[in-house]
Participant: 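One structure, as structure tokens, below. Some questions next.
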Number of protein chains: 2
Amino acid sequence: MARAPSGSDRSPATITDVARAADVSIKTVSRVMNEEKRVRPETRARVLEAAQALNYRPNVMARSLAAGRPFLVGLVYNNPSIHYVNAIQVGAMKRSSELGLHIVMAEPDSAENAITDLLQLAAETRLAGLILTPPIGDAPGLIDALLQADIKLAVVAPAAARKQVAQVRMDDVRAAYEITQLLIAKGHRRIAMIKGPPSHGASHWRATGFSQALTQAGIPIDPELFATGDFSFRSALAPTEKLLRLEAPPTAIFASNDDMAAGVIATAMKLGISVPERLSVVGFDDSPIATIVWPHLTTVRQPIAEMAARALDLLVAGDGEAEAEELAFDIIERGSTATPPAFVKK
Amino acid sequence: MARAPSGSDRSPATITDVARAADVSIKTVSRVMNEEKRVRPETRARVLEAAQALNYRPNVMARSLAAGRPFLVGLVYNNPSIHYVNAIQVGAMKRSSELGLHIVMAEPDSAENAITDLLQLAAETRLAGLILTPPIGDAPGLIDALLQADIKLAVVAPAAARKQVAQVRMDDVRAAYEITQLLIAKGHRRIAMIKGPPSHGASHWRATGFSQALTQAGIPIDPELFATGDFSFRSALAPTEKLLRLEAPPTAIFASNDDMAAGVIATAMKLGISVPERLSVVGFDDSPIATIVWPHLTTVRQPIAEMAARALDLLVAGDGEAEAEELAFDIIERGSTATPPAFVKK
DNA sequence: ACGTTGAATGACAGCGTTATCACAATGGAA
DNA sequence: TTCCATTGTGATAACGCTGTCATTCAACGT
């Protein structure tokens with residue numbers, strides 16, 4: 001008995017195989033796979049059956065070559081906070097699989113290389129677009145260069161609004177304002193801030209919200225109480241030590257993200273300053289590290305994963321006009337904040 | 001004056017554009033781009049110049065369709081340790097850009113879905129192969145299913161050796177043995193271990209090395225001193241508390257990775273047990289968290305990023321026979337280990 | 001002078017898919 | 001009954017590239 005060409009073939013089945021099996025033309029198979037109309041139900045069923053039997057999956061490369069329709073999306077990041085990156089990835093991947101897209105990662109080592117790298121990536125893969133996450137979304141000239149090359153863009157948490165570019169953000173100013181208010185409400189008056197790197201738009205907004213809250217409470221802004229980190233744990237160490245060794249040290253420190261807040265706590269601990277008894281600490285992001293350090297961090301829950309997911313949506317939906325979307329945040333109070341020591345005396 | 005078709009065209013230049021500009025056939029352009037021989041230097045120069053002028057980048061999709069040569073590699077992970085995943089990504093991305101490949105991420109939510117997801121990914125994108133990282137590399141049936149679908153595989157730190165599959169590992173048994181010896185050398189005799197999840201091969205090997213060191217030092221193995229986590233920070237909390245509340249609590253705890261070791265320290269801190277004075281802690285991985293917690297962790301430096309990079313190498317090099325490679329580790333002593341309290345009395 | 005060789009190049013057929021257009025079959029209106 | 005939409009279907013040409021094989025041309029040996 002001659003062996004029929006059964007299913008256990010080597011290389012993946014192609015559209016031709018399915019067409020042959022279903023006794024139709026490849027175009028009909030294509031129609032069925034793309035859910036086009038004008039196919040008789042019984043023909044459709046026959047094709048689907050054949051496809052199933054052969055375990056057929058359209059080759060996305062051929063598909064995108066022929067249709068000009070992309071199947072890849074670039075996710076660009078370059079953020080020292082590993083938790084932030086992870087959240088971005090998780091959010092983007094979840095949505096991408098729902099959309100039938102695949103994600104290629106790009107992590108340019110510097111803003112200068114970013115332009116070249118990303119142009120190359122886009123030219124090579126003809127991808128649907130790029131999702132830029134902080135801080136690359138704010139790299140000067142980058143967006144212009146990419147736009148000029150006709151690459152669709154969605155930017156997560158950009159520093160400034162831009163026409164022609166889809167954007168997903170949250171109200172950093174408001175969030176920083178509210179969490180600073182929380183410290184003020186507890187009685188803190190001498191509050192320091194460890195700002196994020198100037199290259200991140202968010203750094204600026206958070207500092208603004210912080211200052212607004214102080215001003216509104218009638219607390220003078222003391223330049224001595226501002227320091228800057230790069231959003232990494234380590235970058236907060238030295239600045240914190242300097243702050244805590246001040247003649248009049250702060251009773252609370254607002255770190256621009258949780259990694260740095262963890263650095264603040266570590267430094268305080270090293271100097272024998274107990275948190276929250278003698279120093280309150282707040283962070284930003286509600287990343288996993290917020291509940292890893294002890295005490296747990298009072299922080300702002302930022303919907304990072306969701307922002308990435310929405311950015312993807314905007315990217316693929318993006319017909320012409322760039323949309324901007326704003327997601328909500330939450331203030332999460334945990335153990336790292338308390339009434340300041342001076343407060344009880346007063 | 002009629003405008004010549006200048007460089008600022010819309011869609012990316014194709015091989016035909018370059019061929020026309022350089023006044024050669026597309027095949028010659030192809031030859032130049034692929035650095036084949038048999039092209040006159042001056043022709044090559046002319047083509048390169050035209051390509052440069054048009055900012056031409058070969059379309060990888062068309063390329064891989066035509067040549068059957070892939071340009072994507074799948075990186076599969078599903079690991080609760082964010083630092084581990086990050087290190088894997090960093091290593092893989094670095095090498096992939098050197099190799100001219102792009103990485104698509106896959107994070108199956110469960111071992112069951114993994115097979116379907118990965119088969120689909122592979123069929124759709126015709127990728128060069130998959131890099132499996134723990135614990136998916138050990139998911140039962142997965143490797144067989146993928147192998148049967150003719151997908152090339154490289155596994156990082158697999159539980160057991162497999163023919164036909166490239167592997168990169170380190171000597172977990174030896175590393176665990178050595179770091180346990182370090183504890184023993186300091187005078188610890190009552191040492192607990194928080195094992196990793198049984199789904200990870202490494203969990204088993206590390207426990208083996210641990211037991212070997214104890215046995216060799218003549219210390220009896222006490223089942224009471226073994227606990228199990230899932231490699232996440234949180235999973236170490238409850239087991240540690242249970243260990244420390246034992247009638248005869250351990251003077252040292254060996255956690256199977258750094259995240260869990262951080263959990264051990266956090267728990268000890270919560271219970272008012274100072275590290276390393278009353279409890280020594282060692283971890284495994286030397287992930288960033290090792291120097292974020294206080295005291296810093298004594299741990300095993302595992303070349304995670306490099307393992308991923310080597311896995312990629314093996315994947316693309318892989319001609320027939322599966323190779324296995326073993327990378328070196330280092331023991332890093334930091335502040336979380338000290339002489340046990342009982343030891344001074346003796 | 002005449003093959004013979006080998007280097008340089010080009011024509012053209014795929015790769016697996018979608019898009020365009022033509023064609024056959026059906027059904028209703030004239 | 002004839003004609004024209006309408007619906008379902010199939011040839012066949014792209015898409016941008018590589019592989020195969022043919023072709024051209026100069027240089028060499030006899």
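Quantities reported herein were computed from a predicted structural model and do not represent experimental measurements. Heavy atoms only: backbone and side chains are in, while hydrogens, waters and symmetry mates are out. Sequence lines set the chain letters: A, B, ... in the order given, protein chains first and strands last, and positions in each chain run from 1.
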Participant: May I have the distance from B:L65 (atom CG) to C:dT18 (atom C1'), rounded to whole angstrom?
Facilitator: 12 Å
Participant: Quick one: is C:dT9 close enough that its OP1 or OP2 comes under 4.0 Å of any side-chain N or O from B:T28?
Facilitator: no
Participant: For B:Q89 and A:Q89, test the side chains for any donor-to-acceptor distance below 3.5 angstrom and give the result as yes or no.
Facilitator: yes
Participant: Would you classify B:R31 as touching base, sugar-phosphate or nothing, given that sugar-phosphate means primed atoms plus P, OP1 and OP2, and contacts are heavy atoms under 4.0 Å?
Facilitator: base
Participant: Do side-chain atoms of A:R169 reach the backbone of A:P158 as a donor and acceptor pair under 3.5 angstrom?
Facilitator: yes
Participant: Closest-nucleotide mapping onto DNA chain C: is B:R126 or B:S25 further toward the 5' terminus? I mean the 5' end.
Facilitator: B:S25
Participant: What does B:V24 touch in the nucleic acid at a heavy-atom separation under 4.0 angstrom: a base, only the sugar-phosphate, or nothing?
Facilitator: sugar-phosphate
Participant: Check whether the side chain of B:R57 and the base of D:dG16 form a donor-acceptor pair under 3.5 Å.
Facilitator: no
Participant: Whole angstroms only, please: what is the CZ-C1' distance between A:R63 and C:dA19?
Facilitator: 14 Å
Participant: Taking only N and O in the side chain of B:T43, is any of them less than 4.0 Å away from OP1 or OP2 of C:dT9?
Facilitator: yes
Participant: Calculate the interatomic distance between A:R69 atom CZ and D:dC15 atom P; express it in whole Å.
Facilitator: 16 Å
Participant: Quick check: does any side chain N or O of B:N78 sit under 3.5 Å from a backbone N or O of B:I136, one acting as donor and the other as acceptor?
Facilitator: no
Participant: Whether B:S30 contacts D:dC17 is assessed here as follows: a side-chain N or O lying under 4.0 Å from the phosphate OP1 or OP2. Is that the case?
Facilitator: no
Participant: Output the rounded distance in Å from NZ (A:K37) to C1' (D:dT6).
Facilitator: 16 Å
Participant: For A:E124 and D:dG16, give me the distance from atom CD to atom C1', rounded to whole Å.
Facilitator: 14 Å
Participant: Quick one: is C:dC15 close enough that its OP1 or OP2 comes under 4.0 Å of any side-chain N or O from A:N59?
Facilitator: no
Participant: Distance check needed: D:dG10 P versus A:R20 CZ, whole Å only.
Facilitator: 14 Å
Participant: Between D:dC17, D:dG8, C:dT9, which one does the side chain of A:R40 approach most closely?
Facilitator: D:dG8
Participant: Please tell me if the side chains of A:L101 and A:L312 come closer than 4.5 Å, counting only heavy atoms from C-beta onward.
Facilitator: yes
Participant: Closest to the B:K27 side chain: C:dA11, C:dA8, C:dT17?
Facilitator: C:dA11
Participant: Provide, to the nearest angstrom, the distance between the OH atom belonging to A:Y56 and the C1' atom belonging to C:dG16.
Facilitator: 7 Å
Participant: Measure from the side-chain heavy atoms of B:V39 and tell me the nearest of D:dT18, C:dT18, C:dT9.
Facilitator: C:dT9
Participant: Answer yes or no: does a side-chain N or O of B:R38 lie under 4.0 Å from OP1 or OP2 of C:dA7?
Facilitator: yes
Participant: Strictly below 4.0 Å, N to O, side chains only: are A:E98 and A:K94 in salt-bridge contact?
Facilitator: yes
Participant: Given atom CD1 of A:I26 and atom P of C:dC15, what is their separation to the nearest angstrom?
Facilitator: 11 Å
